[in-house]
Protein chains: 2
Amino acid sequence: MEKGSFKNMKKQNQKNILTLIKNEKGISRAQIADQLEVSRATVTNIVRELIKLKLVRESKMGMSRGGRRPMLLKLNSEGAYVIGIEWGIEAIRAVLLDFEAEIIEEDQINTEKYTLAEYKNHTFSLIKKYKDQLKDSNKIIGIGLGIHGLVDPEAGKSIFTPHFDWGEVDIKSILAEKYDYPIFIDNDVRMMAAGEIWQDREDFIFINTGSGIGAALVFKAELHYGNNYAAGEFGHMKITDDGPICHCGKKGCLEALSSKESIIERYHKLKDLKSEINFDQIMINFQKEENEALIVINDALKYFGRAISDLVNILNPEAVIIGGLFAEYEETLIKPLYQIVKEESLAQAVKDLKISTAYYQEFAGAAGAAEKVLNNFFELKI
Amino acid sequence: MEKGSFKNMKKQNQKNILTLIKNEKGISRAQIADQLEVSRATVTNIVRELIKLKLVRESKMGMSRGGRRPMLLKLNSEGAYVIGIEWGIEAIRAVLLDFEAEIIEEDQINTEKYTLAEYKNHTFSLIKKYKDQLKDSNKIIGIGLGIHGLVDPEAGKSIFTPHFDWGEVDIKSILAEKYDYPIFIDNDVRMMAAGEIWQDREDFIFINTGSGIGAALVFKAELHYGNNYAAGEFGHMKITDDGPICHCGKKGCLEALSSKESIIERYHKLKDLKSEINFDQIMINFQKEENEALIVINDALKYFGRAISDLVNILNPEAVIIGGLFAEYEETLIKPLYQIVKEESLAQAVKDLKISTAYYQEFAGAAGAAEKVLNNFFELKI
DNA sequence: CTTTGTTAATTTAATAAATTAACAAAGAAA
DNA sequence: TTTCTTTGTTAATTTATTAAATTAACAAAG
């Protein structure tokens with residue numbers, strides 16, 4: 001419930017203008033005024049300020065339509081930078097983005113001891129590297145960090161991380177002690193979804209696949225957190241009456257049916273293998289139409305599709321975006337998945353549904369974390 | 001994406017002030033200014049206008065806290081009226097509410113032929129009755145109408161109604177031809193949810209139980225419609241691998257397991273009854289702990305609970321509000337249901353969950369439809 | 001090369017609606 | 001009684017908008 005004030009009135013127009021310049025790469029002041037239905041004078045004034053802040057620049061003349069040629073405006077990519085970090089299960093990934101969200105630098109550091117100290121120190125050195133790299137480190141407008149598990153983004157705390165035994169960690173304070181930038185902490189999947197919001201998507205469910213299966217819900221270009229920041233626990237929907245026992249203690253969870261490990265485990269058992277096998281090999285066999293691979297993958301897809309159908313029936317999203325492991329097999333996995341969802345969902349809810357893969361791959365978490373900072377900046381929440 | 005303008009700035013403050021007066025029944029101008037962090041002058045000016053519009057009135061002096069006694073402001077219940085209508089499967093229900101959402105008049109007309117003409121004519125006569133009853137029919141600020149099935153609320157059209165074979169009906173136009181009020185058409189369950197929004201709830205799932213099982217989703221005090229207005233099709237989640245075939249053609253749908261008809265049918269079969277039996281009699285037998293009633297009701301609850309758990313895991317709502325049939329049995333059905341949901345959901349998502357019954361009962365749809373109009377009025381969308 | 005008509009961007013003046021400041025009204029406390 | 005508080009109003013000021021006028025820059029047509 002925003003209040004009406006001069007500050008907010010102007011903020012709203014600043015936000016609208018900046019967002020429009022971001023979306024239409026190359027737009028004139030006159031077009032902005034027409035599209036936003038504000039006067040040209042207002043646009044002139046606000047754009048002047050944005051240029052002074054180095055967030056916007058005049059790029060080139062546009063084509064004349066019978067009069068003075070328009071000056072096209074763009075974001076000034078060198079006007080600001082953001083750092084995005086993902087504390088993954090086996091690696092820390094980090095990116096440095098410019099103000100147009102182009103990746104300037106990306107790094108991956110594989111972790112070994114899985115201690116908080118290790119993650120902290122690697123993070124500090126990555127941030128140092130990026131700061132040193134920029135001529136002017138004051139241009140960094142924020143740091144975003146994603147981590148799996150339950151996160152309280154308002155407090156900036158990681159509450160519970162299934163794969164680390166750290167307990168509750170106040171990550172925001174750890175970073176805020178050393179750095180004077182705005183800091184955003186959130187669940188990794190939500191960060192990935194924030195990345196898709198940056199790509200101009202407004203209404204979708206992002207599903208990250210792999211060892212865990214998690215979702216993030218986006219309505220009206222905003223993340224839906226739920227009452228305890230626990231929304232999106234997609235992996236623990238009960239999909240079938242029995243099935244293997246999930247690590248959460250219950251039976252029939254999606255995660256126990258369609259996660260990477262559960263697929264590998266089932267395949268291993270089915271073929272009574274002695275040695276280890278990885279997912280990619282199973283997929284190769286699947287494409288060769290090997291019997292066991294067909295069974296295991298098709299079952300995993302069937303249950304996954306059923307779970308997505310439930311989501312589609314309930315939420316009727318514009319799109320479902322798949323990230324992580326399955327996204328690497330667009331042709332072989334995502335296409336058949338789409339058919340399953342089509343068949344299992346109600347006609348009205350699935351009518352215009354799009355199922356696509358994520359914009360980024362391995363660096364989806366890190367880039368998304370950075371774009372979360374950008375999203376907030378563009379909402380002028382910084 | 002609202003634009004910044006003087007009009008919008010003022011609108012925002014009008015909205016905030018009106019809403020505050022609605023929520024705190026009896027509040028002074030000074031308190032409003034403090035709470036909303038706007039100046040007293042602004043409050044004075046806007047309140048003056050609201051009083052002139054007869055939407056607000058000065059009620060009585062409050063207690064002094066060491067100075068001049070405050071003048072307490074309230075909504076002027078006689079300043080405006082709304083009409084709410086539900087086109088139910090066996091009856092039309094209608095209410096006339098005053099500006100404080102008190103029910104002034106309520107009516108139920110049982111329908112017989114289930115033709116559009118019948119519903120239209122009854123509706124016209126009900127509206128006529130309410131208009132005649134008011135001294136000044138200009139004070140009616142809108143009409144809301146709820147109907148089951150798929151509705152396009154923006155167009156004001158009923159797209160598909162499982163229980164009537166009317167095809168697509170442009171209900172808004174039917175009413176707009178005769179009446180010059182703002183008209184709101186929506187799905188019945190969403191209207192019920194709008195009623196709960198009026199009761200100051202902001203984040204919940206409303207589930208209507210009975211012949212069908214439908215849900216409406218409310219986040220941040222706003223209804224979530226989905227991409228094709230199809231969000232909330234809760235009744236067709238696949239809850240179990242087999243089970244009876246649903247009228248939608250699929251197996252294992254919640255509606256085929258826990259709806260009124262499916263419960264009665266199963267009980268009927270189980271006891272091999274010759275004559276008809278109604279739900280209330282089954283519930284009497286359930287409380288007598290009759291074996292068949294226990295089986296049938298407990299199974300229905302089990303599946304219903306499982307479906308709610310899936311919703312809770314995914315959406316982590318603040319509350320689940322049950323309306324319709326099950327809500328009539330708070331002690332015997334809702335309490336055990338809560339236990340099931342507690343057990344089946346993830347700890348974090350269910351931690352603070354409240355399961356409660358709807359504020360209104362038979363007139364939930366009609367009252368909600370009226371309150372949808374009020375909600376929109378308070379958002380100054382009229 | 002000139003004229004005419006358009007479109008783009010800026011400047012200036014008018015206006016809407018907020019805030020601040022000053023004060024009257026009304027009661028509490030000393 | 002006198003002084004202090006709190007409420008609510010009015011007048012003056014400030015902010016940021018829009019409308020209108022102006023300048024800049026070009027296309028089209030002759």
Side-chain angles (χ1 to χ4, degrees), chain A residues 1-21 24 26-53 56-74 380, chain B residues 1-21 24 26-53 56-74 380:
Chain A
M1 190 160 74
E2 278 296 323
K3 70 166 176 167
S5 66
F6 292 106
K7 207 175 270 180
N8 281 337
M9 172 166 64
K10 185 167 184 183
K11 211 167 145 180
Q12 190 64 49
N13 285 328
Q14 287 174 320
K15 177 174 121 185
N16 291 161
I17 290 173
L18 194 56
T19 304
L20 198 54
I21 294 174
E24 319 282 321
I27 186 171
S28 70
R29 291 169 177 83
Q31 281 177 292
I32 293 173
D34 289 352
Q35 283 199 40
L36 299 180
E37 293 179 300
V38 295
S39 70
R40 291 180 171 197
T42 296
V43 176
T44 292
N45 289 329
I46 289 181
V47 166
R48 193 192 346 253
E49 288 174 27
L50 292 174
I51 288 176
K52 205 169 176 189
L53 289 168
V56 167
R57 66 184 172 85
E58 295 186 329
S59 67
K60 59 176 181 186
M61 292 299 212
M63 282 300 105
S64 163
R65 288 178 287 169
R68 174 171 167 178
R69 297 179 63 185
M71 175 54 77
L72 301 184
L73 302 169
K74 291 187 72 175
L380 303 184
Chain B
M1 190 160 74
E2 279 295 324
K3 71 168 176 167
S5 66
F6 290 101
K7 208 177 268 182
N8 282 337
M9 173 166 62
K10 185 169 184 183
K11 212 167 146 179
Q12 189 65 48
N13 285 327
Q14 287 174 319
K15 178 173 120 184
N16 291 344
I17 290 173
L18 195 57
T19 304
L20 199 54
I21 293 174
E24 320 281 321
I27 188 172
S28 70
R29 291 167 176 85
Q31 279 177 293
I32 293 173
D34 289 351
Q35 281 199 41
L36 297 181
E37 293 179 301
V38 295
S39 71
R40 293 178 171 199
T42 297
V43 176
T44 293
N45 289 328
I46 289 181
V47 166
R48 195 197 337 260
E49 288 174 28
L50 292 173
I51 289 176
K52 206 168 175 188
L53 289 168
V56 167
R57 66 184 172 86
E58 295 186 329
S59 67
K60 58 175 182 186
M61 293 299 214
M63 282 300 106
S64 164
R65 288 180 289 170
R68 174 173 166 178
R69 296 180 65 185
M71 175 54 78
L72 301 183
L73 302 167
K74 291 186 72 175
L380 302 184

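Computed from a predicted structure; not experimentally measured. Every chain is numbered from 1, with letters handed out A, B, ... down the list of sequences.
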Gap between atoms [atom1] and [atom2], on [X] and [N] respectively (whole Å):
X	N	atom1	atom2	answer
Q31(A)	dT6(C)	CD	P	19 Å
R29(B)	dT9(D)	CZ	C1'	10 Å
K10(A)	dA17(C)	NZ	C1'	16 Å
N13(A)	dT18(D)	CG	P	7 Å
R69(B)	dC4(D)	CZ	P	24 Å
K7(A)	dT17(D)	NZ	P	14 Å
N8(A)	dT14(D)	CG	P	21 Å
M9(B)	dT14(D)	CE	P	16 Å

Using residues 36-43 of chain A as the side-chain source, report each donor-acceptor pair under 3.5 Å to any protein atom, sequence neighbours left out, with the distance given to one decimal.
unit_1	atom_1	unit_2	atom_2	d
S39(A)	OG	T42(A)	N	3.2
S39(A)	OG	T42(A)	OG1	3.0

Does the pair E58(A)/R29(A) count as a salt bridge with the N-to-O cut at 4.0 Å? yes
Looking at E2(B) and K15(A), is there a salt bridge between them, counting it only when a charged N and a carboxylate O are closer than 4.0 Å? no
Taking a pair as Watson-Crick or G-U wobble with both distances under 3.5 Å, which nucleotide is matched to [N]?
N	value
dT18(D)	dA13(C)
dG30(D)	dC1(C)
dA24(D)	dT7(C)

Between R48(A) and dA16(D), is there a side-chain N or O to OP1/OP2 distance below 4.0 Å? no
Listed in order of residue number, which residues of residues 36-44 of chain A have a non-hydrogen atom at under 4.0 Å from DNA chain D? V38(A), S39(A), A41(A), T42(A)
How long is the straight-line distance from CG of L73(A) back to CD1 of I17(A), given to the nearest 0.5 Å? 9.5 Å
Atom pair CG (N16(B)) and CG (L380(B)), whose distance is rounded to the nearest 0.5 Å: 9.0 Å
Residue whose closest nucleotide on DNA chain D lies nearer the 5' end, F6(A) versus N45(B): N45(B)
May I ask you to decide if I46(A)'s main-chain N or O and E49(A)'s side chain share a donor-acceptor pair within less than 3.5 Å? no
Donor-acceptor contact below 3.5 Å, side chain E24(A) vs main chain I21(A): no
Testing dA9(C), dT10(D), dT17(D) for proximity to the side chain of A30(A), the answer is dA9(C)
Distance-only donor-acceptor test (3.5 Å): side chain R68(A), base dA8(C): yes
On DNA chain C, more 5' by nearest nucleotide between K3(A) and L72(A) is L72(A)
